[in-house]
Amino acid sequence: MSFLYKADPVRGMEWARLFAAKAPDVPFHIWPDIGQADRVRYLAAWVPPPDVTGQFPNLEIFFSTGAGIDQFDLAALPPELPVVRMAEPGIVAGMVEYATMAVLAFHRDLPAYIRQQREGRWAAHRVYPASKRRVGVLGLGVLGCAVLGQLRTLGFQLSGWSRTRRQVDGVTCYAGQEELPAMLTNTDILVCLLPLTPETRGILNSTLFQHLPRGASLVHVGRGAHLDHPALLDALETGWLSGAVVDVTDPEPLPPDHPFWAHPKILLTPHIASMTQPETAVEQVLANIRRHEAGEPLIGLVDRSRGY
Ligand code: NAP
Ligand code: GLV
């Protein structure tokens, strides 16, 4: 039996050290050194290699090294192969930090002050308490709920949206397409933490922006293909939206002449809102292997019918 890792090789070396310390009985290989292909039972990758079960006939679990799984074609993996995504504490903590930073930046007018400093302009804007600011989160999953939990400690007015009905402490919850406009109408800062599925592709479009109040801002940390780029540019141009923090784009990276790079109202980061942390990821993977061996349910198992 062996474990094969096929993702960022630098972090792979950390995984290898952690496996050696925590599971010395599990031979660990880093792609392209696959060891003996028929001994590979577990594969962790951002994107699996083609014909994964042809190459690794005894594969028992595919672990996505990301929380999202849209970066590969789920349908190309055999239906009986369990696909497990990263829902480990390190990736959650990173997203809580980033989303909170971005929400606070808009709440405290940081983008405006950065522009003013460049212009040599000293001008104070009214400071409002967090209790007057309405933050809405699209996606009430592992990440959305963790972000809301942190924002709650800061006193924001919170709402959240999911596909099925959810209850989250201190959060006004909305469900399904019909209830989305009601949430948007009451949102000053919108955070997108949805998975990319056929239903959510292109969801951040002009129709959605029009439901937000004038002057609202966007924190986009879901997936690039959620966002209609021209619609965001239009909304910023007309002042309907006042700013956007964009961590994910389609394509990644953006071409050098893309208008987002130099846009004064867009803060762009290169898909770094959160990253899988080897220490906690290896713990979760090993816990899942133990669960699998004991016939227990896996943490982060992807529901193929939902696509996330
Ligand atoms: P998750 O636990 O699977 O939660 C997904 C949430 O989205 C659930 O609440 C789900 O509703 C909701 N949802 C899905 N489809 C929907 C739809 N059509 N309409 C309304 N709500 C819908 O996922 P997660 O772990 O929180 O991660 C969310 C996403 O964050 C990932 O898929 C990935 O795209 C992104 N991400 C980005 C970064 C980054 O660095 N930028 C890092 C990690 C993850 P239900 O509750 O009803 O199922
Ligand atoms: C990163 O974007 C992830 O899905 O983990």
Side-chain angles (χ1 to χ4, degrees), residues 7-8 11 44-47 63-72 74 83-102 136-150 158-168 171 173-184 190-205 208 218-227 244-250 252-253 267-278 280-281 284-285 298-308:
D8 171 47
R11 279 186 277 169
W46 175 251
V47 176
F63 292 98
S64 164
T65 54
I69 52 143
D70 57 284
Q71 60 276 10
F72 56 84
L74 195 55
V83 175
V84 173
R85 66 190 197 87
M86 277 299 157
E88 56 89 12
I91 205 168
V92 177
M95 185 56 79
V96 168
E97 287 175 6
Y98 185 101
T100 306
M101 170 193 75
V137 177
L138 300 175
L140 288 174
V142 174
L143 298 179
C145 285
V147 166
L148 284 160
Q150 178 64 57
L158 300 173
S159 60
W161 183 66
S162 52
R163 197 175 52 85
T164 56
R165 174 91 39 216
R166 301 275 164 195
Q167 277 193 326
V168 184
V171 178
C173 292
Y174 297 84
Q177 206 60 49
E178 332 65 72
E179 295 184 11
L180 181 58
M183 173 179 131
L184 296 171
L190 182 69
V191 180
C192 178
L193 263 170
L194 289 166
L196 183 65
T197 66
E199 291 75 38
T200 64
R201 181 174 290 274
I203 189 168
L204 301 174
N205 56 28
L208 179 143
L218 172 70
V219 177
H220 183 30
V221 276
R223 279 290 188 261
H226 286 138
L227 177 63
V245 166
V246 176
D247 180 59
V248 283
T249 59
D250 183 23
E252 287 179 359
L267 178 63
L268 184 65
T269 53
H271 199 146
I272 50 71
S274 187
M275 283 179 198
T276 301
Q277 297 298 330
T280 35
Q284 196 195 65
V285 161
L298 302 176
I299 302 161
L301 184 69
V302 170
D303 177 340
R304 288 178 176 236
S305 64
R306 298 182 321 189
Y308 63 95

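In each ligand, atom 1 is the first atom listed, and ligand 1 is the first ligand listed.
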Practice prompt. Using modelled atom types only, decide if a donor and an acceptor are shared between the side chain of D247 and the backbone of H271 within a distance under 3.5 Å.
Written response: yes

Worksheet entry | Any S274 heavy atom less than 4.0 Å to ligand 1 | yes

Discussion item. Please list, in number order, the atoms of ligand 2 under 4.0 Å from a heavy atom of A67.
Written reply: 3 (C), 4 (O), 5 (O)

Discussion item. Within the 4.0 Å heavy-atom shell around A67, which atoms of ligand 1 are there?
Written reply: 43 (C), 44 (C)

Worksheet item: Any side-chain heavy atom of T249 within less than 4.5 Å of one from L268?
Response: yes

Worksheet, complete the sentence: Counting heavy atoms under 4.0 Å, the part of T197 that contacts ligand 1 is neither

Response to the item:
Heavy-atom nearest pair, A67 first then L143, reads CB-CD1, 4.5 Å

Worksheet item: Is there a side-chain contact between S64 and Q71 (heavy atoms, below 4.5 Å)?
Response: yes

Item to complete: Between V248, L138, V142, L194, flag the one that comes closest to atom 12 (C) of ligand 1 by a heavy atom.
Response: L194

Worksheet entry | Protein contact of atom 9 (O) of ligand 1 - nearest heavy atom, named by residue and atom, plus distance | L140 N, 2.9 Å

Discussion item. Please compare L193, T269, V302 and report which has the shortest non-hydrogen distance to atom 30 (O) of ligand 1.
Written reply: L193

Discussion item. So, 4.0 Å and heavy atoms of R223: is ligand 2 close enough to count as a contact?
Written reply: yes

Worksheet item: Which heavy atom in S162 sits nearest to a heavy atom in T164, and how many Å separate them?
Response: OG-O, 2.6 Å

Discussion item. Does ligand 1 come near enough to R85 that some N or O of the ligand is less than 3.5 Å from an N or O of the residue?
Written reply: yes

Practice prompt. Name the closest protein heavy atom to atom 34 (O) of ligand 1, giving the residue it belongs to and the distance to 0.1 Å.
Written response: R223 CG, 3.3 Å

Worksheet item: Any luck finding a side-chain donor-acceptor pair between T280 and E88 under 3.5 Å?
Response: yes

Worksheet item: Taking N or O atoms only and a 3.5 Å limit, does D70 qualify as a polar contact for ligand 1?
Response: no

Item to complete: Among all protein heavy atoms, pick out the one at the shortest distance from atom 10 (C) of ligand 1; state its residue, atom name and that distance to 0.1 Å.
Response: Y308 OH, 3.5 Å

Fill in: Shortest heavy-atom approach to atom 5 (C) of ligand 1 - which of P195, P270, S162, G139
P195

Discussion item. Tell me the protein heavy atom at minimum distance from atom 26 (O) of ligand 1, and give that distance in Å.
Written reply: L143 N, 2.9 Å

Practice prompt. Would you check whether I91 has a nitrogen or oxygen atom less than 3.5 angstrom from a nitrogen or oxygen atom of ligand 1?
Written response: no

Worksheet, complete the sentence: Looking only at non-hydrogen atoms, the one of G300, G222, G68 nearest atom 35 (C) of ligand 1 is G222

Worksheet, complete the sentence: Residues M275 and R11: closest non-hydrogen pair is CB-NH1, 3.7 Å

Worksheet item: Closest non-hydrogen protein atom to atom 8 (C) of ligand 1, residue and atom name please, with distance?
Response: G141 N, 3.7 Å

Practice prompt. Heavy-atom distances under 4.0 Å are what count here, so tell me which part of H271 touches ligand 2: side chain, backbone, both or neither.
Written response: side chain

Fill in: Nearest-contact summary for atom 19 (N) of ligand 1 - protein heavy atom, Å
W161 CH2, 3.2 Å

Fill in: From L190 atom CG to L204 atom CG, the distance as rounded to the nearest 0.5 Å
7.0 Å

Worksheet item: Y174 and R166: side-chain hydrogen bond (donor to acceptor under 3.5 Å, both in side chains), yes or no, with the steps?
Response: CA-CA 8 Å; Y174 297 84; R166 301 275 164 195; over 6 Å; no

Worksheet entry | Region of M95 that comes within reach of ligand 1 [heavy atoms, distance under 4.0 Å] | side chain

Practice prompt. Inspect the surroundings of CZ in R304 and state if more than 12 heavy atoms from other residues, nucleotides or ligands are less than 6.0 Å away.
Written response: yes

Practice prompt. Find out whether L218 and L227 are in side-chain contact, i.e. whether some heavy atom of one side chain is under 4.5 Å from a heavy atom of the other.
Written response: yes

Worksheet item: How does R163 reach ligand 1, if at all, at less than 4.0 Å between non-hydrogen atoms: by side chain, backbone, both, or neither?
Response: both

Discussion item. Evaluate G68 for polar contact with ligand 2, using N/O atom pairs at a separation under 3.5 Å.
Written reply: yes

Worksheet item: Can you list the ligand 2 atoms lying under 4.0 Å from a non-hydrogen atom of I91?
Response: 5 (O)

Worksheet, complete the sentence: One should read off an interatomic distance between C192 SG and L138 CG, to the nearest 0.5 angstrom, of 5.0 Å

Worksheet item: Which of the atoms in ligand 1, numbered in the order shown and given with their element, are less than 4.0 Å from a heavy-atom of E199?
Response: 18 (N)

Worksheet item: Where is the tightest heavy-atom contact between T276 and G66, given as atom of each residue plus distance?
Response: OG1-CA, 4.3 Å

Discussion item. Can you name the atoms of ligand 1, numbered from 1 with element, that are less than 4.0 Å from a heavy atom of V221?
Written reply: 35 (C), 36 (N), 37 (C), 38 (C), 39 (C), 41 (N)

Fill in: Ligand-side contact atoms (ligand 1) for residue partner H271, heavy atom cut-off under 4.0 Å
39 (C), 40 (O), 41 (N)

Discussion item. Below a 4.0 angstrom heavy-atom separation, can you tell me which part of R166, side chain or backbone, both or neither, approaches ligand 1?
Written reply: side chain

Practice prompt. Within a distance under 4.0 Å of any heavy atom of D247, pick out the atoms of ligand 1 and give their elements.
Written response: 39 (C), 40 (O), 41 (N)

Worksheet, complete the sentence: One finds that the ligand 1 atoms under 4.0 Å from a non-hydrogen atom of A273 are 39 (C), 40 (O), 41 (N)

